[in-house]
Amino acid sequence: MINRYFVLLNKEDNTFVCCKQLLAGASTTLEEVDVTMTADITVGHKIARQAIAEGEKIIKYGVSIGSATKDIDFGEHIHMHNMKSDYIASHTRQSRSGEE
Amino acid sequence: MKGYLRADGRKGIRNIILVTYLVECAHHVARAIVANSADNVQLIGFPGCYPNEYSLKIMEGLCTHPNVAGVLIVSLGCEGFNREQLANSIKASGREVDTLVIQKSGGTRKTIAAGVSSVNELVINVQKTELVPMDISELVVGTICGGSDGTSGIGANPAVGHCFDQLVEKDAICIFEETGELIGCEQIMAERAITPDLGEEIMKSVEKAEQYYTKMGYGSFAPGNAEGGLTTQEEKSMGAYAKSGSSKIHGLIKPGDIPSQGGLYLMDVVPDGEPMYGFPNIVDSAEIVEMIASGCHLTLFTTGRGSVVGSAISPVIKVCANPETYENMSDDMDINAGKIISGEATVAQVGDEIYQLVSQVAKGKQTKSEALGHQEFVLTYKSFQPIGPSCLPTAR
């Protein structure tokens with residue numbers, strides 16, 4: 001746990017996982033760097049531990065869980081809008097995402 | 001700890017009478033019989049009219065399960081299910097069995113009356129079942145996850161893995177499953193196999209799952225997974241994989257195969273060949289049913305979003321990973337693994353708590369879903385090839 005809001009699961013990760021909700025506009029300190037949330041981050045969601053370029057792997061549990069589909073800033077929410085599976089498309093109730 | 005001794009030598013932790021319908025047309029009659037019978041009488045069944053080897057095998061596994069003392073089969077009469085073979089298998093296991101065919105019994109009202117009286121007799125007979133000493137090593141425990149979110153892989157799943165390690169250490173049989181939810185973990189999983197050939201079989205089973213799900217157009221990924229912070233199949237897989245703990249993998253089984261030696265087993269639930277009948281498992285309850293058919297006395301069910309299901313035949317222990325969900329739905333949850341993500345407990349502490357509860361539930365303590373009356377059951381069509389010899393290296 002790096003602070004009361006986020007946990008780092010593996011030292012290789014470029015993501016933090018939220019363990020306590022933090023709303024857009026709220027600030028926190030991640031590994032000694034201050035950052036302001038640009039979206040509501042709820043429990044279980046991921047943010048970027050560092051800037052991630054489009055096409056780079058997203059690392060969680062020390063392994064790749066997919067690729068960035070856009071450039072992602074430090075502290076930004078990482079989800080279906082900016083990353084995708086390297087195996088098979090995910091879907092929401094409204095649509096599928098991550099399809100070519 | 002004591003178990004109900006069956007004539008085939010297996011030991012159960014519950015003493016249940018099943019009423020099973022063999023086609024949807026017999027469902028109402030079977031349900032009415034259960035509604036008018038004792039508390040330990042439970043309903044299962046199969047909806048389709050066409051015969052299917054898989055559903056027969058699963059039904060045989062369920063009706064001869066160690067928790068089951070006797071069975072009433074309810075058939076309409078003209079359906080394709082091989083009721084004679086099912087009855088013979090149950091009889092061969094030494095369990096009590098009776099068959100009612102609605103078309104030969106004078107229709108709905110008369111079959112319900114005959115069924116209630118038949119079940120009453122079964123209930124009286126099974127009260128005499130002998131209770132004998134049973135060791136934790138004789139337990140078969142399964143695990144699945146349902147309604148996963150971003151907390152599942154951090155809290156509940158590793159805690160179940162810790163519990164599994166202890167159970168395997170004690171020589172119990174532990175089963176984890178859903179190769180479609182292990183896509184992306186195949187390499188690390190294969191390295192844990194006790195033989196290289198088994199590792200190869202594991203790799204092949206996950207490749208099969210990937211191809212199958214790709215053809216179906218959806219991964220094993222529900223909208224709630226995304227709402228809970230999971231973005232991709234491989235992310236969900238890594239979290240799900242943690243349920244397996246760190247033991248060596250002793251074998252690869254298919255639904256209804258019953259391991260004979262203690263150890264950790266992976267169940268391949270994805271049908272063989274071209275997709276024929278739809279999604280591998282249409283819902284969590286179908287996976288629980290398959291694990292019970294492979295002998296599971298109880299199932300550890302991890303959830304983040306908050307599932308409420310239990311099961312017929314074998315108790316389900318609900319392990320909740322998300323502290324907010326636990327607070328919201330604590331009446332349904334047996335274990336609060338949310339303490340891990342809120343920093344109040346370690347994975348090992350919650351894992352020990354699960355292990356203790358497994359032992360208590362095996363001794364008869366009701367789980368939350370059991371007490372609430374949850375007895376979900378889903379069985380549909382599938383087709384499988386038998387496993388190859390390298391899948392069970394320790395089998396005698």
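So you know, we letter chains A, B, ... as the sequences are listed, proteins then strands, and number each from 1.
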Out of A:Val7, A:Ile78, A:Asp86, A:Ile58, return the one with the most heavy atom pairs under 4.5 angstrom to chain B. A:Asp86

Picking from A:Arg4, A:His45, A:His77, which has the most non-hydrogen pairs under 4.5 angstrom with chain B? A:His45

Only pairs of heavy atoms separated by less than 4.5 Å count here; which of [options] has the most with chain A?
{"options": "B:Ile154, B:Thr214, B:Asn322", "result": "B:Ile154"}
{"options": "B:Ala222, B:Pro323, B:Ala226, B:Ala321", "result": "B:Ala226"}
{"options": "B:Gly219, B:Gly343, B:Ser237, B:Gly155", "result": "B:Gly219"}
{"options": "B:Gly304, B:Ser152, B:Gly153", "result": "B:Gly153"}

Looking at CE of B:Met238 and OH of A:Tyr61, how far apart are the two atoms once the value is rounded to the nearest 0.5 Å? 7.5 Å

Does the side chain of [X] reach to within under 4.5 Å of the side chain of [Y], using non-hydrogen atoms?
{"X": "A:Lys60", "Y": "B:Glu235", "value": "yes"}
{"X": "B:Thr231", "Y": "A:Ile65", "value": "no"}
{"X": "A:Lys84", "Y": "B:Thr232", "value": "no"}

Taking B:Ser342's backbone N and O only, do any of them form a donor-acceptor pair with A:Lys20's side chain (distance below 3.5 Å, no angle check)? no

What pair of heavy atoms forms the shortest contact from B:Ile341 to A:Cys18, and how long is it? CD1-O, 4.1 Å

Hey, is CD on B:Glu169 packed in by over 12 heavy atoms from elsewhere, all under 6.0 Å? no

Are more than 12 heavy atoms from other residues, nucleotides or ligands located less than 6.0 Å from atom CD of B:Glu344? yes

Checking B:Glu324 against chain A: side chain, backbone, both or neither under 4.5 Å from a heavy atom? side chain

Counting only heavy atoms closer than 4.5 Å, note whether B:Leu230 contacts chain A via side chain, backbone, both or neither. both

Is it true that A:Ser64 and B:Glu234 share a donor-acceptor pair across their side chains at a distance under 3.5 Å? no

Quick check on the structure: residues of residues 29-42 of chain A within a heavy-atom distance below 4.5 Å of chain B, by number. none

With a 4.5 Å heavy-atom cut-off (strictly below), which parts of residues 177-187 of chain B touch chain A? List them by number. B:Ile183, B:Gly184, B:Glu186

Within residues 240-247 of chain B, the residues sitting under 4.5 Å from chain A by heavy atom, in sequence order, are none

So which pairs with a foot in residues 321-348 of chain B pass ring-ring contact (aromatic ring centres under 6.0 Å, His included), sequence neighbours left out? none

Select one option (side chain, backbone, both, neither) describing which atoms of A:Val63 are under 4.5 Å from chain B's heavy atoms. side chain

